[in-house]
Amino acid sequence: MQNKLSVSTSPHIRHFDTTRGIMLDVIIALLPATVFGFVIFGWRAVLHVAICVAACLLCEFLWNVILKKPQSIGDLSAAVTGLILGLNMPTGAPFWIDIIGSVAAIIVVKQMFGGLGHNFINPAMGARIILLVSFPSFMTSFTEPLVHTVSSATPIALESTAPVSYKTLFFGMHPGAVGEVSAFLLLVGGLYLVARKVISPIIPVCFIGVTAGLTYIAGGDGLYAILSGGVMLGAIFMATDYVTSPTTKWGKAIFGIGCGIITFVIRQFGSLPEGVSYAIILMNILTPHINTLTAQKPFGYVKEGKKDE
Amino acid sequence: MKLIKKELKPLKKLRGGIHLDHHKNSENAETIVMPAPEMVYIPMSQHIGAHASSCVKKGDKVYVGTVIGEASGFVSAPVHSSVSGEVEDIIVKNIGGRDTDVAVIKSDGEMTIDPELKPFTVRKVADLTEAAKRCGLVGLGGAGFPAGVKLSLPDGVKIDTLVVNGAECEPYITSDNRELIENSKDVVEGVYLIKKIMKIDKAVIGIESNKPGAIENINELVKNHKEYDGSITVMRLPSTYPQGAEKAIIYSATGRKMPGGALPSAVGCIVMNVTSIGTLYRFIKTGMPLVRKRITIDGTAVSEPKNVSVCIGTPIKDVIDFVGGVDENADRIIMGGPMMGAPVASEDVVVEKRNNAILIMKEREKRTTTNCIRCGRCAAACPMHLYPQQVESAYNAGLKDRFSEMNVNYCMECGSCAYVCPAKRPLTEVMRIAKQTLRGKK
């Protein structure tokens with residue numbers, strides 16, 4: 001063995017977690033809600049998710065090939081983006097919209113800013129907003145579960161006229177995007193991610209808590225506000241995106257609270273029925289500043305000028 | 001044991017750090033004494049500071065404990081022969097990037113002890129520092145700082161706590177653990193002696209919770225000592241890495257934060273490794289300087305982990321042969337622990353004073369590096385609360401002038417950041433380069 005000793009710098013051991021492993025955990029956590037969406041919304045839901053995932057992976061693949069960059073589809077981050085985008089699609093939307101959304105997510109929001117880790121807003125979220133402002137009618141007409149007829153609006157839009165029961169909302173038997181309906185299964189996924197230490201519970205807890213609390217204080221139904229609409233999916237899976245959320249504990253708290261406040265303000269005072277996407281995007285933009293504001297000081301830090309005392 | 005847990009609680013716990021698999025496979029492996037090898041190669045620089053100047057020449061007859069290199073300069077330490085025999089040659093070798101004199105001694109196999117060695121009487125502080133110097137003692141936890149220098153305090157510096165470091169937080173290594181079990185009396189007597197001579201108010205012996213046997217043993221001895229008055233305590237430290245780092249153990253033991261760039265004396269502490277104290281006490285009792293070292297031999301390619309007492313200057317090849325050779329899957333050898341140990345390029349490397357383990361590792365899985373995903377784990381793991389990822393991106397962007405404001409000089413290169421990184425980025429490596437860049441600038 002004398003001649004074939006390998007030499008490497010310390011540390012000589014590494015933790016087994018990898019980028020790919022983390023992405024895989026996110027996919028696993030989303031599976032229950034995804035399968036549930038497939039069951040209640042039928043084959044169109046399956047196709048939406050499949051097209052989004054495939055299109056996102058293809059965009060990432062082609063971008064790397066054309067720009068002669070190392071291939072990065074193996075890290076599964078594009079698959080996660082595709083999955084989340086697919087889950088945000090209303091079942092009745094035409095399929096070509098998925099492709100536009102995927103190109104927007106991977107090429108425009110992610111790769112043009114430098115690829116994984118360099119995008120300043122969440123790619124799936126950015127793409128959803130692009131679709132929302134470009135094709136508002138497609139993006140806001142949702143399908144009734146099981147019967148698959150087109151309904152006019154989600155329960156959040158119906159709150160004042162024809163509210164749906166908490167039980168229906170919690171388990172997800174109501175109209176909505178493919179993966180946002182079952183609060184229960186999204187929570188299960190969130191608990192899995194917390195248990196696996198992939199995400200910290202701070203952002204989801206602050207986000208959901210503040211949205212419910214403010215709605216209640218304003219005289220609304222706090223529980224209804226978090227069970228209907230996209231709060232669960234957004235708070236657990238999109239607001240916790242590593243790249244676009246703060247890294248410090250206090251930063252995470254500020255981020256979650258900010259998301260909750262903006263969601264509430266848009267829903268309460270804005271003309272839109274839903275505010276989760278905009279709330280997350282706005283807080284994404286503030287993330288670098290939150291990080292600076294809450295930066296940790298070195299252990300035993302002494303200010304330059306004080307050293308001589 | 002439950003009672004002990006409560007009673008021996010640390011004062012503070014450092015935020016950051018990581019949980020590692022301990023792999024203390026050799027914790028119950030009693031130390032085996034390895035006979036003198038045919039040849040020893042003793043370098044004149046096994047410490048931080050000026051090299052010792054060799055004071056023997058070809059053909060000289062030496063014994064175990066004979067001085068072969070004298071300390072030169074203030075921060076330096078003498079070097080002794082670890083075998084009896086004849087000086088074959090003084091050669092120049094490149095060790096760690098510096099040319100160093102190396103005494104090559106052919107052992108006669110007798111291990112005759114130098115007849116001039118005799119017990120050392122310690123009555124005052126000057127005697128103690130003299131003993132530490134003559135013993136050739138250096139920080140045996142791995143730093144290799146000459147102990148004689150550490151103990152000679154500048155005027156006006158007041159020390160109130162002696163922190164005895166038995167944390168041994170690196171995986172695999174159990175050398176200090178064995179010292180606390182096999183030579184526990186030397187350690188405890190040594191602590192009492194140093195505390196008394198230097199008139200230090202308190203002493204805290206910090207041992208990680210993954211060494212329950214050592215904790216119980218030392219606690220018993222401390223309490224049953226004839227001079228026991230409660231001023232020496234044993235502390236059961238959390239088994240997190242890097243608990244044994246100077247700043248971490250001082251914080252746990254006293255709750256004091258060492259300011260960046262300062263020495264432990266700035267917060268009224270002296271930190272000494274347990275094996276250092278045991279060695280110093282044995283020198284005072286017998287006159288035998290530091291000529292042997294207990295080495296843990298373990299790693300993924302080692303089937304029977306062992307603790308071996310080795311003559312300083314023994315090539316690691318001989319040590320490995322002594323314990324039964326290596327696995328054919330062996331791919332790399334590390335001197336020290338897996339987190340901070342130095343890689344070894346050839347088996348000609350010799351055992352030095354500050355070494356405490358030889359790890360032989362199998363080939364590891366290939367790692368794919370991805371872009372940083374900003375998970376923040378490196379910053380959360382950093383015991384010094386730095387941002388390794390930001391330093392790396394500044395380095396990649398060529399922004400060297402930002403290293404100073406990022407406080408890279410606080411980094412102790414513990415490896416926690418690179419260990420936790422899911423993107424497998426070379427964070428510790430970059431921190432090391434950044435520190436060197438910053439040092440070069442000043």
Side-chain angles (χ1 to χ4, degrees), chain A residues 1-23 25 69-70 72 74-77 114-119 197-200 240-249 251-252 287-288 291-292 295-304 306-307 309, chain B residues 14-16 18 20 171 247 251 257-262 326 328 330-334 336 338-347 359 361 363-364 367-368 370-377 379-380 383-387 407 410 413-416 418-424 426 428-429 432:
Chain A
M1 61 169 285
Q2 177 71 43
N3 300 319
K4 58 175 185 95
L5 278 183
S6 307
V7 176
S8 56
T9 59
S10 63
H12 304 280
I13 48 172
R14 300 289 182 100
H15 194 265
F16 51 79
D17 263 358
T18 57
T19 303
R20 185 189 163 88
I22 289 170
M23 298 297 167
D25 266 339
K69 285 173 175 273
S72 58
D75 65 29
L76 295 180
S77 62
L116 179 63
H118 297 290
N119 47 298
K197 295 200 171 145
V198 171
I199 62 167
S200 134
T240 54
D241 171 24
Y242 286 151
V243 179
T244 52
S245 67
T247 53
T248 57
K249 275 183 193 164
K252 286 187 167 92
T287 294
N291 272 335
T292 314
Q296 56 186 4
K297 280 265 167 292
F299 180 84
Y301 181 70
V302 212
K303 271 201 182 136
E304 276 301 318
K306 279 193 176 169
K307 266 181 189 163
E309 281 174 21
Chain B
L14 185 66
R15 182 166 63 81
I18 52 177
L20 295 169
K247 288 181 180 184
Y251 188 60
K257 285 187 180 181
M258 242 170 95
V326 291
E328 53 182 25
D331 174 59
R332 63 193 69 212
I333 299 179
I334 302 157
M339 293 302 290
M340 291 186 77
V344 165
S346 91
E347 290 178 281
L359 298 185
M361 308 297 266
E363 200 172 344
R364 61 185 179 203
R367 298 169 188 142
T368 2
T370 70
N371 278 3
C372 166
I373 53 171
R374 309 211 186 173
C375 60
R377 291 181 192 189
M384 289 296 108
H385 310 163
L386 306 176
Y387 284 99
N407 298 301
Y410 280 72
E413 302 170 30
C414 69
S416 300
Y419 175 82
V420 295
C421 181
K424 310 297 166 204
T428 310
E429 215 176 313
R432 217 173 274 140

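By convention in this document, chain letters (A, B, ...) are assigned in the order of the sequence lines, proteins followed by strands, and residues within each chain are numbered from 1.
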Quick one: does [X]'s side chain get under 4.5 Å of [Y]'s, heavy atoms only?
X         : Y         : result
His385(B) : Arg15(B)  : yes
Pro426(B) : Thr9(A)   : no
Leu359(B) : Pro338(B) : yes
Thr248(A) : Gln296(A) : no
Thr19(A)  : Ile22(A)  : no
Arg14(A)  : Arg364(B) : no
Arg377(B) : Cys421(B) : no

Find the one option among Asp17(A), Thr247(A), Asp75(A) whose heavy-atom pairs under 4.5 Å with chain B are most numerous. Asp17(A)
Look at Ile13(A), Val198(A), Val243(A), Val7(A) and state which one has the largest set of heavy-atom pairs under 4.5 Å with chain B. Ile13(A)
Which bit of [X] comes within less than 4.5 Å of chain B, counting heavy atoms only: side chain, backbone, both or neither?
X         : value
Thr18(A)  : both
Thr244(A) : neither
Lys249(A) : neither

Between [options], the one whose heavy-atom pairs under 4.5 Å with chain A are most numerous:
options                                    : value
Ala379(B), Ser416(B), Gly336(B)            : Ala379(B)
Gly341(B), Pro259(B), Cys375(B), Gly261(B) : Cys375(B)
Ala423(B), Ala418(B), Gly415(B), Gly376(B) : Ala418(B)

Part of [X] lying under 4.5 Å from any heavy atom of chain A:
X         : value
Pro171(B) : side chain
Met340(B) : backbone
Cys414(B) : neither
Leu14(B)  : side chain
Ile334(B) : side chain
Cys372(B) : backbone
Met339(B) : both

Stepwise side-chain contact (heavy atoms from CB on, under 4.5 Å) check, Tyr387(B) with Asn407(B): CA-CA 9 Å; Tyr387(B) 284 99; Asn407(B) 298 301; over 6 Å; no
Does the side chain of Arg432(B) pick up a donor-acceptor pair with the side chain of Ser10(A) at under 3.5 Å? yes
Nearest heavy-atom approach of Ile373(B) to Met23(A) is CG2-CE, 4.4 Å
